[in-house]
J.: 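If you scroll down you'll find the structure; I have some questions about it.
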Amino acid sequence: MDKGLAWMESQQRSQGHWSNPEHPALTGLALVALHSDPDSNRVARATRRPILERGYAFLLSCAQSNGGIYVDKKLVNYNTSVSLMALLLSGNPQHEPVLRRARRFLASNQNDFGDSGTVDDSLDGGFGYGDGSKHGDAVNTLHALEALHHSRRLLQDQPSSELKDLNWTAAIQFLQTCQHLPGTNAQTWVSGDPANRGGFIYSPTESKAGEMTLPQGKVALRAYASISYAGMLSYIYAGLTPDDSRVQAVLDWAKQNYTLQENPGMGPQGLYFYFHTMAKALRAAGVDRLETPDGKRHDWRQDLSLRLFDLQKPDGRWENDNGRWWEKDPVLSTSYSLIALGLIHRTL
């Protein structure tokens, strides 16, 4: 982690950002990663403070009059959500007005198509890009729910006119429309076959892992691991307990497909997002070991740590050879890795 943190510090640009300044989420993830440092040494923290402050200043410069934190209306919900998470870690009370506006902005961007206040569309309750298009997916929804969950304290002592919160029930309904679970999802692609039952897909109509034809001729959209852990984590952020049948169903899918050699269903694509989201989801669900169909009980913390040790480059960074979802950007992949390792370290 020291090597990774030192590499991350070296990558900050003079304007305070990391990587592409058009996406403040990349700076937000870098800041969250720097906060994952397990070293409580005061000297080390003092040395890093100017780096953090420049990063916060950059995020604040991206704050819009509507409360969002983004540049040129690009990936509005994603950039706002991750930036909000980073600013929450600053501990600076002067950031609270920006945080409150960002939280209200995010909550107001929850999809509600058709009749207002009624869940009458498969996309209702979820989040899309925030660009006004009719879209909703489990990745944008995860990031929004994470930021809204961790910033709930900002609702305290607020005037009733400003108490804009998420419709959490509608969010759960949207998540159900992305899960292979007969009984809670009636869409035609839903299957209870062992290869998919409990797993998630990207959106109510699309899987990034494609489709598969089952023996009986039914066409199912294929579940894959990174989005399944995203669904599990989102359920918990939305208030479901780990023993809820919907959470247990995705956990059962994860046990059936446990490996750290790839992102199951996607191969090398999105590998570091998979590692990062898996660590968060299993921790949130209180899972210490995963029992696979062969009867083995896997200590996922140890397995994931060793895998990340093996993948680290000599200079301290992590980088995916596969460029899907920006993971050739070492700032992104290193952030994901440091956040996962930091979370593991805190739970040892």
Side-chain angles (χ1 to χ4, degrees), residues 32 36 81 85 125-126 138-152 166 168-169 171-181 183-185 192 194 196-202 223-260 263-266 270-308 336-337 339-348:
V32 174
S36 70
S81 299
M85 285 294 295
V139 176
N140 279 295
T141 299
L142 166 65
H143 290 299
L145 294 185
E146 183 170 59
L148 291 164
H149 169 80
H150 286 293
S151 62
R152 272 178 156 173
L166 193 72
W168 295 93
T169 301
I172 292 171
Q173 178 62 40
F174 170 76
L175 293 168
Q176 289 180 171
T177 65
C178 298
Q179 186 178 25
H180 272 284
L181 197 59
T184 60
N185 191 356
N196 290 298
R197 188 184 190 280
F200 274 72
I201 64 171
Y202 176 69
Y224 59 102
S226 54
I227 208 69
S228 295
Y229 280 116
M232 180 196 300
L233 186 56
S234 295
Y235 270 150
I236 294 172
Y237 285 147
L240 297 190
T241 59
D243 60 359
D244 185 279
S245 60
R246 290 158 289 188
V247 178
Q248 284 297 308
V250 66
L251 182 57
D252 288 342
W253 185 91
K255 293 175 181 177
Q256 295 284 332
N257 294 275
Y258 180 74
T259 180
L260 292 169
N263 176 7
M266 297 301 298
L271 185 67
Y272 288 96
F273 177 70
Y274 164 55
F275 292 155
H276 155 272
T277 310
M278 169 186 159
K280 285 184 174 180
L282 293 178
R283 182 201 183 193
V287 176
D288 292 320
R289 285 174 172 78
L290 288 171
E291 184 172 347
T292 47
D294 58 7
K296 293 181 179 178
R297 289 173 57 81
H298 298 266
D299 182 339
W300 65 266
R301 291 179 176 87
Q302 175 172 290
D303 293 350
L304 179 53
S305 297
L306 293 173
R307 178 73 167 129
L308 287 171
Y336 285 151
S337 301
I339 292 168
L341 287 172
L343 183 150
I344 290 169
H345 187 276
R346 291 193 298 275
T347 60
L348 293 178

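Nothing fancy with the numbering, it's 1 onward along the sequence.
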J.: Identify the two heavy atoms, one from I201 and one from A138, that lie closest to each other, and give their separation to 0.1 Å.
T.: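 Smallest interatomic distance, heavy atoms only, reads O-CB, 4.1 Å.
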
J.: Can you list the steps and then say if L175 with L240 is a side chain to side chain contact (heavy atoms under 4.5 Å, CB included)?
T.: CA-CA 12 Å; L175 293 168; L240 297 190; over 6 Å; no

J.: Regarding R301 and T347, is there a side-chain donor-to-acceptor distance under 3.5 Å anywhere?
T.: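 On atom types as modelled, these side chains qualify, holding a pair under 3.5 Å.
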
J.: Measure the CZ-CD1 distance between F275 and I339 for me, rounded to the nearest 0.5 Å.
T.: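 Rounded to the nearest 0.5 Å, the CZ-CD1 separation comes to 14.5 Å.
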
J.: Please examine the side chains of Y274 and Y336, heavy atoms only from C-beta on, and report whether any two atoms are closer than 4.5 Å.
T.: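 Y336 does not reach Y274 side chain to side chain.
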
J.: Applying side chain to side chain contact (heavy atoms under 4.5 Å, CB included), run through L148 and W168 and close with a yes or a no.
T.: CA-CA 10 Å; L148 291 164; W168 295 93; 4.0 Å; yes

J.: Shortest non-hydrogen contact from N263 to A225?
T.: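 Nearest pair, atom of N263 first, then A225: OD1-CB, 3.5 Å.
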
J.: Under the salt bridge (charged side-chain N to carboxylate O under 4.0 Å, His left out) test, which residues partner R197, sequence neighbours left out?
T.: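 R197 satisfies salt bridge (charged side-chain N to carboxylate O under 4.0 Å, His left out) with no other residue.
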
J.: Nearest 0.5 Å, what's the CG-CD1 distance between L142 and I227?
T.: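 Interatomic distance, L142 CG to I227 CD1, rounded to 0.5 Å: 8.0 Å.
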
J.: Can you check whether P264 reaches T259 side chain to side chain, under 4.5 Å on heavy atoms?
T.: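 P264 vs T259: side chains touch.
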
J.: For side chain to side chain contact (heavy atoms under 4.5 Å, CB included), just list the numbers for T169 and I172, CA-CA rounded to whole Å, side-chain angles, deciding distance to a tenth of an Å, and then say yes or no.
T.: CA-CA 5 Å; T169 301; I172 292 171; 5.8 Å; no

J.: R289: what forms a salt bridge (charged side-chain N to carboxylate O under 4.0 Å, His left out) with it, not counting sequence neighbours?
T.: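 Testing R289 for salt bridge (charged side-chain N to carboxylate O under 4.0 Å, His left out), a comparison that skips the adjacent residues, returns D299.
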
J.: Given 3.5 Å as the limit, does a donor-acceptor pair link the side chain of Q179 with the main chain of G198, or not?
T.: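 Confirmed, Q179 side chain pairs with G198 backbone.
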
J.: Between L306 and Q302, is there a side-chain heavy-atom distance shorter than 4.5 Å?
T.: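 The answer is yes; the side chains approach within 4.5 Å.
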
J.: Are any of the side-chain heavy atoms of S337 and Y272 separated by less than 4.5 Å?
T.: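 Of all side-chain heavy-atom pairs linking Y272 with S337, at least one is under 4.5 Å.
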
J.: Locate the shortest heavy-atom distance separating F200 from Y235; write the atom from each residue and the value.
T.: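 Result for this residue pair: CZ-CE1, 3.5 Å.
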
J.: What distance do I236 atom CD1 and D244 atom CG have between them, rounded to the nearest 0.5 Å?
T.: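 Answer rounded to 0.5 Å: 9.5 Å.
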
J.: Nearest 0.5 Å please: distance from the CG atom of L166 over to the OH atom of Y237.
T.: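 The OH atom of Y237 is 14.0 Å from CG of L166, to the nearest 0.5 Å.
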
J.: Spell out, as yes or no, whether a donor-acceptor pair under 3.5 Å connects the side chain of N185 to the backbone of L181.
T.: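 No.
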
J.: Using every non-hydrogen atom in the two residues, find where M85 and E146 come nearest and quote the distance to one decimal.
T.: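 Reported closest heavy-atom pair: SD-O, 3.8 Å.
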
J.: Nearest 0.5 Å, what's the OG-CZ distance between S36 and R346?
T.: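 One gets 7.0 Å once the value is rounded to the nearest 0.5 Å.
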
J.: Taking all heavy atoms of L343 and all of W300, pick out the closest pair and write down the distance.
T.: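 So the minimum-distance heavy-atom pair works out to CD2-CH2, 4.4 Å.
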
J.: For Q248 and P242, indicate whether the former's side chain and the latter's backbone hold a donor-acceptor pair under 3.5 Å.
T.: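 Yes, because the side chain of Q248 sits within donor-acceptor range (under 3.5 Å) of the backbone of P242.
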
J.: Hey, could you give me the OG/CG distance between S81 and N140, rounded to the nearest 0.5 Å?
T.: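 Answer for the OG-CG pair, S81 versus N140, is 7.5 Å.
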
J.: One pair to check against side chain to side chain contact (heavy atoms under 4.5 Å, CB included): Q256 and D252. What are the steps and the verdict?
T.: CA-CA 6 Å; Q256 295 284 332; D252 288 342; 5.6 Å; no

J.: Which atoms form the tightest heavy-atom contact between L304 and L260, and what is the distance?
T.: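 Heavy-atom minimum between the residues: N-CD1, 3.4 Å.
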
J.: Parallel under 30°, tilted from 30 to 60°, perpendicular over 60°: which one fits the rings of Y258 and H298?
T.: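 If you compare the ring of Y258 with that of H298, the planes turn out tilted.
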
J.: Looking at side-chain heavy atoms only, is the closest gap between Y229 and K280 below 4.5 Å?
T.: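 Result no, sub-4.5 Å side-chain heavy-atom pair not found.
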
